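The structure under discussion appears below in the form of structure tokens.
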Amino acid sequence: MRGCWILNESLSITIVVLWLGVNLYLFIDTFLWYEEEESFHYTRALLGSTLAWARASALCLNFNCMLILLPVSRNLISFMRGASTCCKGPWRRQLDKNLKFHKLVAYGIAVNATIHIVAHLFNLERYHLSQSEDAEGLRAALSKLGNTPNESYLNPVRTFHTNTTTGLLSTIAGVTGLVLSLALVLIMTSSTEFIRQFSYELFWHTHHLFTIFFISLAVHGAGQIIRGQTPESLLLHNVTFCRDHYAEWQATALCPVPQFSGKEPSAWKWVLGPVVLYACERIIRFWRSQQEVVITKVVSHPSAVLELHMKKRGFKMAPGQYILIQCPSISPLEWHPFTLTSAPQEDFFSVHIRVAGDWTGALFKAFGAEGQALKEPHSLPRLAVDGPFGAALTDVFHYPVSVCIAAGIGVTPFASLLKSIWYKCCESRSQPKLSKVYFYWICRDARAFEWFADLLLSLETRMSEQGRAHFLSYHIFLTGWDENQALHIALHWDENTDVITGLKQKTFYGRPNWNNEFKQIAYNHPSSSIGVFFCGPKALSKTLQRMCCLYSSADPRGVHFFYNKESF
């Protein structure tokens, strides 16, 4: 059984293959051009094939630097999600993989940068050796060019006794190359999962070295270390004939001394568009961040969860979207993503923030959530809000059947969704495409259910009153409990409502058997397109992906599961 999940995944593979294909084409085409181009014949005589390696990797580096900023342009991604004419069906879901593509392009930059650096190290050594006393023939003749008036040099290393490292660092190409390398190493190493979990602030600050990286990249080619024969010189100096008569260059009119010049820098042409686009993105985000945010309500929940209700002029949202929050009193530079837990129909927007690091811990303390009493509204710290931005969950209403799965605090995106369902199904006259919702929540702490149970209870009651109790099927799983809780649960097991949540639907203890769950859903909806939406840890995400693949039918008329993971 394969089907739609494979279609979704194959499109991801298509994008990767397309990206690899363009990289390979650019590399091979540029490599062959520099291996055969007549104007670089004498340059090849000094450097050999490392010339082509350096130039081909440089072009691929430019191409990937052009792409790297596009996946992290949040407003562009949100606009594309909203433009249904250009992004439909499976292609729309690829926008949720923007960070994966960003990382893929970053690996491409790292690989091509490594090739480029290594190739130029060989080039530098060959330039140096060409000036040695042992050098002879054409290489020696080419290296001596530029020592007399009206000659242009080909070899940037002018004497054998020149310290190549010092000489390189005295050039624009050398200095910018060093800066580029250091910036790239810092950005890549601080982006590892270990560093992000250990110190998100370190990751955040070092990532902004990209500004120095792009400035250095634009300037790097201005050094014009690699030089080729000028077009005017090629008309007068026939390389095929004159390369064998280098001793006569000064004496005969048939072979005048070849003239050389550096190639104009082109990296800025590749990155100018995306950099301007990203600059506009940051300007828009800065403008929105300066708009006043009024905090109307603060609630401290068990399990170190802080609920904030806010208002902002002109703020419009959709279920499943997220915002970026900055607290200037904690850090004037850091922005952190949080999923909206309110519905579009409400006159405020809200987030639930769990303490999971230095920044969230500082925010928890700033709002007085550690004490018995929360701070008064006038004494609360100022917050800046950017967004909202689109996410995978905004597609929930595009399926006739949706399966929503949350683990721990990953339930927050579904709060907004379930509230919106409540309004759409119970107060709106229009009938949405969505006809059935399966909701699963797995959590290890019983106290974490408290803030969400009220919403589920109101949904349960209202759906029952409207005669649509079948519309929402929810399953809550508690994976952690102690002996006292187990005894309390056992004593109240026969009551009409659940002892943990107060809902009619009883809480399950332990972890779901996903094979049974997916098998039952597939049986209940034999010819449906079913959207599966998940927010939680990677291990469970892989399991759910496997289930979507396993229970999707190979028959186009059968059941198909489409997997969507919440990512910021």
Side-chain angles (χ1 to χ4, degrees), residues 15-37 39-40 43 47 49-73 76 98 101-124 168 171-188 191 207 209-228 261-281:
I15 291 173
V16 173
V17 170
L18 180 63
W19 172 79
L20 281 173
V22 173
N23 273 280
L24 285 172
Y25 169 77
L26 291 174
F27 191 95
I28 294 171
D29 183 66
T30 306
F31 188 94
L32 294 176
W33 189 86
Y34 275 94
E35 283 284 277
E36 298 171 359
E37 172 58 26
S39 61
F40 285 93
T43 314
L47 303 180
S49 63
T50 52
L51 167 68
W53 281 98
R55 301 311 301 162
S57 57
L59 190 69
C60 290
L61 193 59
N62 292 340
F63 170 68
N64 285 285
C65 287
M66 179 187 72
L67 296 178
I68 193 70
L69 292 177
L70 298 179
V72 291
S73 299
L76 175 65
N98 60 319
F101 185 67
H102 176 72
K103 293 175 184 177
L104 180 67
V105 173
Y107 290 134
I109 291 175
V111 170
N112 284 292
T114 302
I115 296 172
H116 187 71
I117 292 168
V118 172
H120 271 319
L121 289 176
F122 277 101
N123 289 338
L124 191 63
L168 183 65
T171 65
I172 294 175
V175 173
T176 55
L178 179 62
V179 172
L180 281 165
S181 302
L182 291 175
L184 184 61
V185 168
L186 288 172
I187 290 171
M188 294 291 290
S191 301
H207 230 62
L209 289 172
F210 81 91
T211 53
I212 296 174
F213 179 89
F214 275 97
I215 292 171
S216 300
L217 181 69
V219 178
H220 183 62
Q224 300 184 356
I225 293 294
I226 301 297
R227 300 165 70 83
S261 66
K263 191 177 181 183
E264 289 296 320
S266 60
W268 66 271
K269 299 176 184 178
W270 286 85
V271 301
L272 180 63
V275 166
V276 170
L277 182 67
Y278 189 74
C280 293
E281 161 96 8

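In this text, all values refer to a predicted model and were calculated from it rather than measured experimentally. All residue numbers refer to positions in the sequence shown, counting from 1.
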**OP:** Report the distance from atom CZ of R227 to atom CZ of F40, rounding to the nearest 0.5 Å.
**Re:** 10.5 Å
Original post:
SG/C60 to OH/Y25 distance, rounded to the nearest 0.5 angstrom?
Top reply: 11.5 Å
Original post:
Rounded to the nearest 0.5 Å, how far does CZ of R55 lie from CD of E35?
Top reply: 13.5 Å
Original post:
Side chains of N23 and N112: closer than 4.5 Å at any heavy-atom pair?
Top reply: yes
Original post:
Looking only at heavy atoms, what is the nearest atom pair of H207 and S191, with distance?
Top reply: CE1-OG, 2.9 Å
Original post:
Rounded to the nearest 0.5 Å, how far does CG of L67 lie from CG of N62?
Top reply: 11.0 Å
Original post:
H102 side chain to P71 main-chain N or O, any donor-acceptor pair under 3.5 Å?
Top reply: no
Original post:
Do W19 and N64 have side chains that get closer than 4.5 Å, going by heavy atoms?
Top reply: yes
Original post:
Using the benzene-type ring in the case of Trp, are the ring centres of Y278 and F214 under 6.0 Å apart?
Top reply: no
Original post:
Is there side-chain contact between V175 and L178, with at least one heavy-atom pair below 4.5 Å?
Top reply: no
Subject >> Identified side chain to side chain contact (heavy atoms under 4.5 Å, CB included) counterpart of L69 within the set V275, L277, L76 >> reply: V275
**OP:** Measure up the F27 and F31 rings against each other and bin them: parallel (under 30°), tilted (30 to 60°), perpendicular (over 60°).
**Re:** parallel
Subject >> Separation between CG of L61 and CG of L180, rounded to the nearest 0.5 Å >> reply: 8.0 Å
